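Read through the structure below, which is laid out as structure tokens, and then see the notes.
Quick caveat: nothing in here was measured; it's all calculated off a predicted structure. Just so we're on the same page: letters track the sequence lines, and every chain starts at 1.
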Amino acid sequence: MLSRQFVRDDPEAVRRALETKGVDVDLEGLLETDAEWRELKAEGDDLRRRRNEVSNEIGELKREGDDEAAAAAIERSGELKEELAAVEKRAEELEADLERALLRLPNVPHPEAPVGDDESDNVETERWGFEDRRELPAEVTPHYDLGEELDVLDFERGAKVSGGGFYVAKGEGARLEHALVQFMLDLHRTEHDYTDVFPPIPVNSASMRGAGQFPKFVEDAYRVGGDNDEPYDDDDLWLLPTAEVPVTNMYRDEILLNDDLPIKHQAYTPNFRREAGEHGTETRGIVRVHQFNKVELVNFVRPEDSYDRLEGLLGEATAVLERLGLPYRVLEMCTGDMGFAQAKKYDVEVWAPADDMPEGPEAGGRWLEVSSVSNFEDFQARRAGIQYRPEQHESAEYLHTLNGSGVAVPRVVVAVMEYYQNDDGTVEVPEPLRPYMGGTERIEGGEKVGESAVGDG
RNA sequence: GCCAGGAUGGCCGAAUCUGGUAAGGCGCACGCCUGGAAAGCGUGUUCCCGUUCGGGAUUCUGGGUUCAAAUCCCAGUCCUGGCGCCA
């Protein structure tokens, strides 16, 4: 959320943000409402001052025993009370309107962020790991086919148990997921100075709003009880779409000490997304599913440090891929593609060599987004009321929040299964993951069970 | 889930029974004092609106009673203790 002060003082900046981010909000209406509210506020304050005066007078008169004068004063006070009620009722309505409108204003992009409409205007800033890449089989089998052949990914049973868009990882597939999670957590803890957090998976509406998910993205969330179309209260529960939501909200409505900062938390959780309207060949397999594991990095920093930290966070995300030896690229998001709450954002995309896509690299295959690294500046902090006190005698200020995936697990599984694929259809386990898989060096698959396996060539 | 107690500024803590300007202490900043410091003294230390200055709001949240609510009533949230249940 932007501050009222900021919107009032610099409507031009807000207008630019609306334009470059492609958001349609009635800014003029908001400014008018604010102006009207301020008038009413002054009027109400004045009435209240007069009422307070009368009230004090009554106290004095009563003490002096002048009941007659007191009765007269009580009557005057009653009149003021009625007037005041009318003015303040209107002011309250306006303030609620104002608050609602403010929640719909997007964050203002960083001045250096590339301006553009959609993903085609994003700017590639880095590409890693293509020069000395591994030799691949002549024909790389896509992970969804290989996963079924090896019986490490089971889509049919995932759909049976939970529905389309869910999968079951089995045997070495399941172990690979666990290994990746543990490997990432260890890396960030020991080398990037992160403190682990294991948060609740259901989060309340207030947390969803604090992280900037609501009210805009209600239809993407899984609601615990009730229908998404029904009205919701602050304490209604939703399955988290990213650990960013509970972790950012841990310090909601708190004032942190200057010495506490920076705070670096990492959290592994499953993530739940409805992915309404996302279908097609690009989503076969485990590239886009309703539940996936992710290690999320969340930072709380002093405002002056946030842009240095953004670069640091990007390095912490890409470190995962570099350790695993997986080629990737980094994109700087343009204004139209960076999202509602972000001021600046990078995407990290890993190379999955199997399915040739028009937008993929020259080497073939496609890019898969595994991390999105963002600086929210004070946008989330203001929504969620997270402040810090620079000096003990000074008033509290909103701090800056950042986060980045560190990283999303299933898409790394895709990259591993395709990039580390051998000619014989087995998969090489990247060196750093072996200790987490009991020394397993290669994924050779398991025996399928059940009658459906009997007739399977 | 039931019963009891509790929530007051950055922190601690009085006022609550008996409605009438929210004590005091700590921390921190600035000033005075000092050769310099400590101590001492003074001022400041939440948010909002309007220019200094002023005004308004603010005792967990939301309602109610009252001319007037930290104080009385109702509902809720969280914390503590006891009982019950339970992976």
Whole Å only: how far is the [atom1] atom of [X] from the [atom2] atom of [N]?
X       : N      : atom1 : atom2 : answer
Q387(A) : C47(B) : CD    : P     : 8 Å
R38(A)  : G56(B) : CZ    : C1'   : 16 Å
D260(A) : G10(B) : CG    : C1'   : 12 Å
L40(A)  : G50(B) : CG    : C1'   : 14 Å
D253(A) : C79(B) : CG    : P     : 15 Å
E43(A)  : G55(B) : CD    : P     : 19 Å
R4(A)   : C49(B) : CZ    : P     : 7 Å
Y251(A) : G10(B) : OH    : P     : 20 Å

[N] pairs with which nucleotide, Watson-Crick or G-U wobble, both distances below 3.5 Å?
N      : result
C86(B) : none
A68(B) : none
C53(B) : G50(B)
A14(B) : none
G19(B) : none
G42(B) : C30(B)
U59(B) : none
G36(B) : none

Next on the checklist: Quick check: closest heavy atoms across V245(A) and Q213(A), and the distance to 0.1 Å?
Outcome noted: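 The answer is CG2-CG, 3.9 Å.
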Checklist entry - If you take atom types as modelled and just measure distance, does the side chain of D45(A) reach the base of G55(B) with a donor-acceptor pair under 3.5 Å? => result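 Counting by modelled atom types and ignoring angles, a donor-acceptor contact under 3.5 Å is found here.
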Next on the checklist: Please check this pair: side chain of R383(A) against backbone of R209(A), looking for a donor-acceptor N/O pair closer than 3.5 Å.
Outcome noted: yes
Item to check | Expected output: side-chain K264(A) to main-chain T195(A) donor-acceptor under 3.5 Å | outcome: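 Not at all, since once roles are kept as given, no pair shorter than 3.5 Å links the two residues.
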Next on the checklist: Can you tell me how far apart CG (L402(A)) and NZ (K345(A)) are? Round to the nearest 0.5 Å.
Outcome noted: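 Answer rounded to 0.5 Å: 13.5 Å.
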Closer than 4.0 Å, any side-chain N/O of [X] to the OP1 or OP2 of [N]?
X      : N      : result
R76(A) : C67(B) : no
S55(A) : G20(B) : no
K81(A) : A68(B) : yes
R51(A) : A68(B) : yes
N52(A) : A57(B) : yes

Item to check | First encountered from the 5' end of RNA chain B, between Q5(A) and D46(A) | outcome: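 Looking at RNA chain B, the more 5' nearest nucleotide goes with Q5(A).
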Item to check | 5'-most by nearest nucleotide on RNA chain B - I255(A) or I58(A) | outcome: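 Nearest-nucleotide comparison on RNA chain B picks I255(A).
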Next on the checklist: For the aromatic rings, using the six-membered ring if either is Trp, is the centroid distance between F155(A) and Y144(A) under 6.0 Å?
Outcome noted: no
Next on the checklist: Taking G10(B) as the reference, what is the distance to U45(B) when you measure between their P atoms (whole Å, please)?
Outcome noted: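 One P to the other, the span is 12 Å.
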